[in-house]
Amino acid sequence: MSGPGGELHPRTGKLVTLSQGGRSAARSQPGQEFNHGLVLSREPLRPGRVFAVRIDRKVNSWSGSIEIGVTALDPDHLDFPSSATGLKGGSWIVSGCSVLRDGRSILEEYGQDLDQLGEGDRVGIQRTADGELRLWVNGQDCGVAATGIPPRVWAVVDLYGKCTQVTVVPGEPEEAEDSAAGDEGLGPGPAHNQSRPDKFPNSLESENGLSSMELSEVVSNAILSAYNGSLLSVSLSSPPAGEGPPGGGGGGAVPLTSNDALLFHEKCGTLIKLSNNNKTAERRRPLDEFNNGVVMTNRPLRDNEMFEIRIDKLVDKWSGSIEIGVTTHNPNSLEYPATMTNLRSGTIMMSGCGILTNGKGTRREYCEFSLDELQEGDHIGLTRKSNNALHFYINGIDQGVATTLTPLVVYGVVDLYGMAVKVTIVHNHNHSDRLRRNNAIMRALSPDVGRRALEAGGVGEPEPERLLFHTNCGQKAAIVNDGRTALRPQVHGVVLSNRALRNNEVFQVRIDKMVDKWAGSIEIGVTTHNPTYLQLPSTMTNLRSGTWMMTGNGVMHNGTTILDEYGHNLDRLKAGDTVGVVRKEDGTLHFFVNGVAQGPAAWNVPPNVYAVVDLYGQAAQATILDDTDLLPLPDDLSEGNNQLSPSSPSSVASVSDLRFHQLHGTNAVITNGGRTALRQNCRSEFNDAIVISNRALRDGELFEIVIQKMVDRWSGSIEAGVTAIRPEDLEFPNTMTDIDYDTWMLSGTAIMQDGNTMRNNYGCDLDSLTTGSRIGMMRTAKGDLHYFINGVDQGVACSGLPPAKEVYAVVDLYGQCVQVSITSATGPMDNSLSTSNVTEKSFPIHSPVPGVAHRFHSSCGKNVAFQDDGCRAMRVAGYCHGIVFSMKELKADEVFEVKIEELDEKWSGSFHVGLTTLLPSEVPYAATGLPASLLELHSKATWLVAGSEVRRNGQLQKQNYGCSLERLGVGNRVGVKRCADDTMHILVDGEDMGPATTGVAKNVYVVLDLYGHVTAVSIVSSTVLEESDGTKPPSVASETYSEEEEEEEPTPCENEAPMPPAAMEFLENHGKNILLSNGNLTATRVASYNQGIVVIAQPLPQGQLFQVQIDFLNPQWTSSLSLGVIGTSPERLNFPATACSLKRSAWLLQRDSVFHNSLKICENYGPNLDTCPEGTVLGLLVDSSSCLHVYVNGMDQGVAAQDIPTPCYVLVDLYGQCEQVTIVTNDTPALGGESADPHAQADMEKADMVDGVKESVCWTPPVDMNTMKTCEYHALCARFKDLLLLPDDYFAEDPKFSLCYCESCHKLRGDEAYYKRGEPPRDYALPFGWCRFNLRVNPQLEVASTCKKWHMAYHGTTLR
């Protein structure tokens, strides 16, 4: 090398620090900032001179790395941008593998990827005398990057992303002699094909940055290259001298393999057109054809290699959209199918939000995102990990493991199906791709970022045109009145708005005309489809993509119901009523009926949706209303009628006026009406996101939030506490620990005051909380600060908070914690709360009255008198002023029960019962005292049942609940219970009426109103909480069955050898409403309709059939049992109320569907378990391939689920109608044999035919346990037959000859599809879907001969 290496200019980016006399530069705060690291050479470059730097330090926090180039801008007068790619006015920058001029890409796939360089690598830039720009990497010339470079330019180095420190090293002119060896190793070395590194790294984490995972990737890449016919050169360090990339000037350079870059294969679907060097694929004739758009990668994917594409173009004509996945098929030999779902081998695809393996659905709900709802610019990626796990990515966000069984050699495959027309492969080392990818990630994580950027740019949004109906409407609809009115002359008509809705813009229509001819009525919603291109369906519920509709009182998404009980029933509306819809800024969808908000109906609804109205059924005409002012959302949503979707935050139903204040940290964003706070740019910013409550907390008031989103990029997490600083006076610092006065907080496990640690090892660790965890804080009247984790008090965190000062809740969305929302539990609590109130679970309070756990509080209505030491309450005058309270708070799952003692029939109405947060001890100090009726108690949150209505603070929440209290008489018992899931239940004579309302506060008292004709009640609650529900004796049927089992028990002992080593029995750990008997072989649910889970004590061996028999069904309830297996030990499992709430290693069969971890993975499997009658035998078996089989009456229904772990345990949920089951311990059918009873089969073959239907050779229910007793379809057909008024004498009297052939019934019987009959034998098909009622036969006819010799004939017809 000749001459010094040069120095850096003293003017730099704002985060750069220079050292070593201006030869070394470092970017400060490398863990917090990724840009503002720009440095330039001190002097302009001399022609032919290489300006080179050595990478001294890198971090792993960011994507991207060093960028280098030249600029014609004088650094003395330069306004430094945040990164080199922001330089304009004659600037050429090499970024990754791209060359950019003034921020625009002019060359892609150039030279060596700068992002892959490690510490110690050298990179240089050179302007030749001919005006060419060349890049040098570790002494190798990468060739011409650009031409036409002006003579006066400065070198530019950007310490971007991972690169945090560089040092200038001497460079060499291009004209130097080949034999000159550089003292810094930058000059060309001797020519050879392969060279050994100077030294082997001491560890795989050294300067070369190779982890064990990366070493595995290197080896895998070599194997894949050999697989494709060429051997890839593998080196464990930086490229040695003489092995530069193509286009370089180094001698003996080894060219990269032709298949190194991941591109689309030239062989593709018949309608595909490739461009952009095979990086872009486009489907021709997108408005005429929707398939034949399959493309594959040009080589197999390497381990941990990201295959990512960007959606460039969509059309709105079709349903369905892009599908992406992997396949083992080589594109050179593959006959491309029309769509990848037609390929039945070696293929794993993501379609919609599910996973398809070989064309069949294996995971129906893989992730919350649906590919059908992505927009232009969104990114989709996948990677096959080295552990064979396949991951999909949506806009850079990992959706988790799709499958763990990915083959070793797979190609990436994309199906441009339906709406998807054009895609481009994204290379992360390409600068423009990286910017687009980051923008997509930012949009996914914070929908408001893009909008705020536009607003900041000063581009004013033009006033939108008036909302009207689009002229493209359904065939049966017409648009009149200048586009404001839609009418339906005939059956039904779909109409859409003429433009997309803005955020918070209400689309509201008035029903002008109704007809009585049809059922159903208006439906309203939104859709992502543009009406200009949409081929309108007959009804919007038939559209399977991008559509949300309110229909009746439910909500449907893409034709599937997501909310069953939502808001007012649209079918009950009349002419003149109004309905509306609005998409809020936070992506929630709300509906309005007559101006009343019905609450959130859907979440994560994309922007730019069109309003849609379906004039269905009775609705014949509707007009758009001009009043588009935003209707306010209520403070609290109905708990009775609004069921939150699984993906919705539990915070939307907040019952408090507490919100987040509009003042907050610079990176915080407040949405959802002040209920939600999030940190924007969460992957590049980890602090400056402090939020504070909008008002001071009251004494004893709980402020609770739920964590909704986290990222794994940072260390540390949420911090929470209280401060006496008003929001207006708080200068929001970077982190909460920087607040140095009047602040108490919890950080990790440390309690801190004014930034100093007071104590460590507090009862909880905020850094260990995950998504869904709830954090609450409360200051008591004594000045104690309590924290609550998931509703559990963690005890006193600190004392001595000044009672005279107001304190505000303050939260720091720090590190991993990105988004929180205020929950419905926020509100007043009991100031006397202590830790023991929470931890005590089932120990009764010992009352002075033996056998009674409760008493009434002395605070009561003015007409109430107490007797029997507070256990009896009487109303001594009038018909009202009879409110009474329980003495103590009601614990979780504790029943408070009273018996009606006296009635006065001269009054109407009856008593009310419920729960309240009002402290009875505060009643004497209230200014107004207690109201005359409980319905008027509004000062505190109160939930009550009056008659059959459920009310909250007097407002109606639900009608027709349970048994009306007005019908009760003397001797009837009424109880109230607050369950652990925050629901209130009412019990009448010990029978649970089910959940009356949800979202009930933690600390509540029982409240009764001796109103109307009820004048006296007495407490009858038992000291044992479960006694009233759990001491019912088993039914007579179960006792009889137990005796039979005991008598038959010795029988199998004669053949002990083939029996399994351990007999199956139910485990003692079970649901709280379960009673075990018969040696733990029989399980009985003795109360309510749920809490009936039982588990087998022993693991289920592979190949062994486990069977239970349904002993007793209670028709009072709906639905029935569920059964399945769990992969965790049940010894210490805390069972939920129902098995469908199990979300860890659980496979469950419910109705006719299969669920895995509460997600449906299969439909229409086997018979509907809800229709199984008493006596049905259900079995489970795990075969040698770890597949789960279900048996019904001995008939194998096929594989229900795969990959069942070993060991696994059988689980049965005695839910709804099913109240008792018994394990079948003998007469188990032999697996693999033709029949369990050869004798029975022989008898069947002789004569057991009923009109040609052979009865099952396996176990069948007795005649009095016929399936038709519970078949709704058979009952419906029977009612239809009765309406025909046909004489009864036409039909056979014996009901066993009346057979139902619905799907459930014929599967229960094990019917075959075809049978033979007659002489000679002929095939005939059973009439599946019909119901048979036998006609009488002439008694003189030989029935047996007729059945054997005649051919069976059914008249084929259709239902019209």
Side-chain angles (χ1 to χ4, degrees), residues 1-12 16 18 20-25 38-55 66-78 80 84 87-95 99-102 106-107 110-112 114 121-159 166-188 241 244 247-250:
M1 291 291 178
S2 61
E7 297 179 1
L8 299 173
H9 199 281
R11 295 192 72 240
T12 64
V16 173
L18 298 180
Q20 298 184 25
R23 292 171 56 85
S24 181
L38 201 58
V39 292
L40 280 77
S41 60
R42 189 181 187 95
E43 303 293 338
L45 293 182
R46 286 180 291 172
R49 179 65 60 184
V50 176
F51 182 89
V53 295
R54 181 185 64 238
I55 300 175
I66 189 172
E67 298 175 346
I68 191 169
V70 295
T71 180
L73 301 174
D74 190 338
D76 287 323
H77 310 290
L78 177 62
F80 281 75
L87 290 169
K88 312 296 182 185
S91 301
W92 292 260
I93 304 297
V94 181
S95 173
V99 182
L100 297 94
R101 177 178 180 179
D102 293 342
I106 60 174
L107 180 61
Y110 166 75
Q112 185 166 343
L114 299 187
D121 285 333
R122 294 166 174 80
V123 57
I125 199 74
Q126 177 192 39
R127 179 198 175 276
T128 68
D130 298 330
E132 295 177 339
L133 184 69
R134 290 176 175 268
L135 176 72
W136 290 71
V137 177
N138 289 322
Q140 300 300 314
D141 183 2
C142 296
V144 177
T147 58
I149 307 300
R152 183 178 171 86
V153 290
W154 283 262
V156 178
V157 179
D158 190 357
L159 308 182
V166 298
T167 297
V168 178
V169 295
E172 180 193 5
E174 188 185 44
E175 293 80 11
E177 296 179 359
D178 291 343
S179 60
D183 56 353
E184 290 292 335
L186 200 74

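In terms of heavy atoms, Pro10 sits closest to Leu18 at CA-CD1, 3.9 Å. Among all heavy-atom pairs drawn from Gly89 and Ala72, the shortest one is O-CB, 4.1 Å. The minimum heavy-atom distance linking Pro44 with Arg152 is given by the pair CG-NH1, 3.8 Å. Closest heavy-atom contact between Gln126 and Gly48: NE2-O, 2.9 Å. Scanning all heavy atoms of the two residues, the minimum distance from Tyr110 to Val99 falls at CD2-CG2, 3.7 Å. Closest non-hydrogen pair, Leu8 versus Ala25, comes out as CD1-CB, 3.6 Å.
Taking Thr167 as the reference, Ser24, Asp56 meet the side chain to side chain donor-acceptor pair (under 3.5 Å) condition, with sequence neighbours excluded. Every residue meeting the side chain to side chain donor-acceptor pair (under 3.5 Å) condition with Thr71, not counting sequence neighbours, appears here in chain and number order: Ser91.
Between Ile125 and Trp92 there is no side-chain heavy-atom pair separated by less than 4.5 Å. Residues Arg49 and Phe51 form no side-chain contact, since every pair of their non-hydrogen atoms from C-beta on lies 4.5 Å or further apart. Counting heavy atoms from C-beta on, the side chains of Asp121 and Val137 never come closer than 4.5 Å.
The structure places CZ of Phe80 at 6.0 Å from CG of Leu38, a figure rounded to the nearest 0.5 Å. Here CG of Leu45 is found 9.5 Å from CH2 of Trp154. Values are rounded to the nearest 0.5 Å. To the nearest 0.5 Å, atom CD1 of residue Ile55 and atom CG of residue Leu114 are 7.5 Å apart. We find the CG-CD1 distance between Leu159 and Ile66 to be 6.5 Å, quoted to the nearest 0.5 Å. Remark: His9 NE2 to Asp74 CG distance equals 6.5 Å, nearest 0.5 Å. Atom-to-atom distance recorded for Leu78:CG and Leu87:CG is 6.0 Å, nearest 0.5 angstrom.
A donor-acceptor pair under 3.5 Å is absent between the side-chain atoms of Asp130 and the main chain of Glu132, judged by distance alone. Side chain of Arg11 to main chain of Pro75: a donor-acceptor pair is present (N/O by atom type, distance under 3.5 Å, no hydrogens or angles). A donor-acceptor pair under 3.5 Å is absent between the side-chain atoms of Arg54 and the main chain of Val169, judged by distance alone. Counting only distance, with no hydrogens or angles, the side chain of Asn138 and the backbone of Arg122 share a donor-acceptor pair below 3.5 Å.
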Kindly determine whether Arg134 and Val144 satisfy side chain to side chain contact (heavy atoms under 4.5 Å, CB included), including the steps that lead there. CA-CA 5 Å; Arg134 290 176 175 268; Val144 177; 3.5 Å; yes
